[in-house]
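Input: a single structure, listed below in structure tokens.
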2 protein chains.
Amino acid sequence: MDDDVWQWDTRADCEVRQILDRIADKWSLLVIALLERRTMRFTELRREIDGVSQRMLTVTLRHLERDGLVERTVHPVVPPRVDYALTPLGATLHEVIKSLVVWTEEHQNHIAVARSAYDARIAAEERLLGAP
Amino acid sequence: MDDDVWQWDTRADCEVRQILDRIADKWSLLVIALLERRTMRFTELRREIDGVSQRMLTVTLRHLERDGLVERTVHPVVPPRVDYALTPLGATLHEVIKSLVVWTEEHQNHIAVARSAYDARIAAEERLLGAP
DNA sequence: CTGAATCCGATCAGATACTG
DNA sequence: CAGTATCTGATCGGATTCAG
């Protein structure tokens, strides 16, 4: 059974890979995390997500909407008002994403130590090669 | 408590974001999934992962090694033999990744339907605009 | 306010050639 | 076998401008 689950990873063009690439992109995780709390407007999202450009937020939201993870609601008022909300499907994804973020939170110190050790080892090797 | 966990997502430069970008990249997930089964050699990984170039596999493995997720072992024989194995830290990450892949497997049909509906709706709107 | 469209520099990643 | 180095086309993404 486990073997069946992991069969996917040998094929480049399979559906799972496409979806993984989508939900693993830079801003999608953040958008989903924020919308899980509550419905938000475009400008609210832009203000909350530090570093995102207007263009990339728009692109990200369109992708999420297309995949059925986010619902876009246009209110016919002036000035325009557009609300973004997580769909039920998006909510189930959020549960999975949450475990990923929690793991990162718990292990970031461990990883920082590993990086320092690696960098120190590489630097030491380069000194050996530089002065033979 | 939930609020603390999700505090991270408003800052672009925080450690968690860097780590997420790393483990969410195109090939890392596949490498970790394969190495969880058993230790593998460079060429074995390359053959198993459809579509990866030699360069990108090397880069991915160096990143994972630096983060302490993968261990690289060089055997001083000819021809050269290099084994890659998941570290204990990498193994804990695999558990999290697995839930992500399982979610994708379970919902890929749902997403495919949503995409079709979205594309059809966009196409219909464009027809309305094209022939007024 | 919420976008769409365009331009353009930066980065990424594949192909190729070379090495121990 | 297991890489490194280099070149180059492709893609990404930010800044800017315009529109409903």
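Protein chains get the first letters and strands the later ones, always in sequence-line order, with residue 1 at the start of each.
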| Could you state the interatomic distance from CD1 (A:Ile49) to CE (A:Met56), rounded to the nearest 0.5 Å? | 11.5 Å
| query | Roughly, in whole Å, what's the span from CZ in A:Phe42 to C1' in D:dG20? | reply | 15 Å
| task | May I ask you to evaluate whether A:Arg62 reaches the phosphate of C:dG3, defined as a side-chain N or O under 4.0 Å from OP1 or OP2? | result | yes
| message | Distance criterion of 3.5 Å, no angle test: do you see the side chain of A:Gln54 paired donor-to-acceptor with the base of D:dG14? | response | no
| remark: On DNA chain D, more 5' by nearest nucleotide between A:Pro80 and A:Lys26 is A:Lys26
| message | Output the rounded distance in Å from CG (B:Leu61) to C1' (D:dC1). | response | 14 Å
| field | B:Leu57 CG to C:dG14 P, straight-line distance once rounded to whole Å | value | 11 Å
| said: Could you tell me how far apart A:Asp25 (CG) and D:dT11 (C1') are, to the nearest whole angstrom? | reply: 14 Å
| task | Find out if a path of hydrophobic residues (ILVMFWY) with successive side-chain heavy-atom gaps under 4.5 Å connects B:Ile111 to B:Tyr118. | result | no
| said: Side-chain N or O of B:Ser53 versus OP1/OP2 of C:dA13: is the shortest distance under 4.0 Å? | reply: no
| query | A:Glu125 CD to D:dT4 C1': how many Å, rounded? | reply | 15 Å
| message | More than 12 heavy atoms of other residues, nucleotides or ligands under 6.0 Å from CD of A:Gln108: yes or no? | response | yes
| request: Taking only the side-chain nitrogens and oxygens of A:Arg55, find out if one of them lies under 4.0 Å from OP1 or OP2 of C:dT6. | output: no
| query | Using a cut-off of 4.0 Å on non-hydrogen atoms, how would the nucleic acid contact of B:Arg46 be classed: base, sugar-phosphate, or nothing? | reply | nothing
| message | Does D:dA2 have OP1 or OP2 under 4.0 Å away from a side-chain N or O of B:Arg41? | response | yes
| remark: Walking DNA chain C from its 5' end, the first of A:Val82 and B:Val52 to be reached, judged by nearest nucleotide, is A:Val82
| note | Comparing B:Met56 with A:Glu44, nearest DNA chain C nucleotide closer to 5' gives the residue A:Glu44
| message | Can you tell me which residue among A:Arg38, A:His75, A:Arg41 is in a side chain to side chain donor-acceptor pair (under 3.5 Å) with A:Asp83? | response | A:His75
| message | With heavy-atom distances below 4.5 Å as the criterion, would you say the side chains of B:Arg47 and B:Thr43 are in contact? | response | yes
| request: Return the value, rounded to whole Å, for the distance between atom CZ of B:Arg81 and atom C1' of D:dG3. | output: 16 Å
| request: Using atom CD1 of A:Ile49 as one end and atom P of D:dG13 as the other, report the distance to the nearest whole Å. | output: 14 Å
| remark: Between CH2 of A:Trp27 and P of D:dC12 the distance, given in whole Å, is 15 Å
| query | Taking only side-chain nitrogens and oxygens of B:Tyr84, does any of them come within less than 4.0 Å of OP1 or OP2 of D:dC1? | reply | no
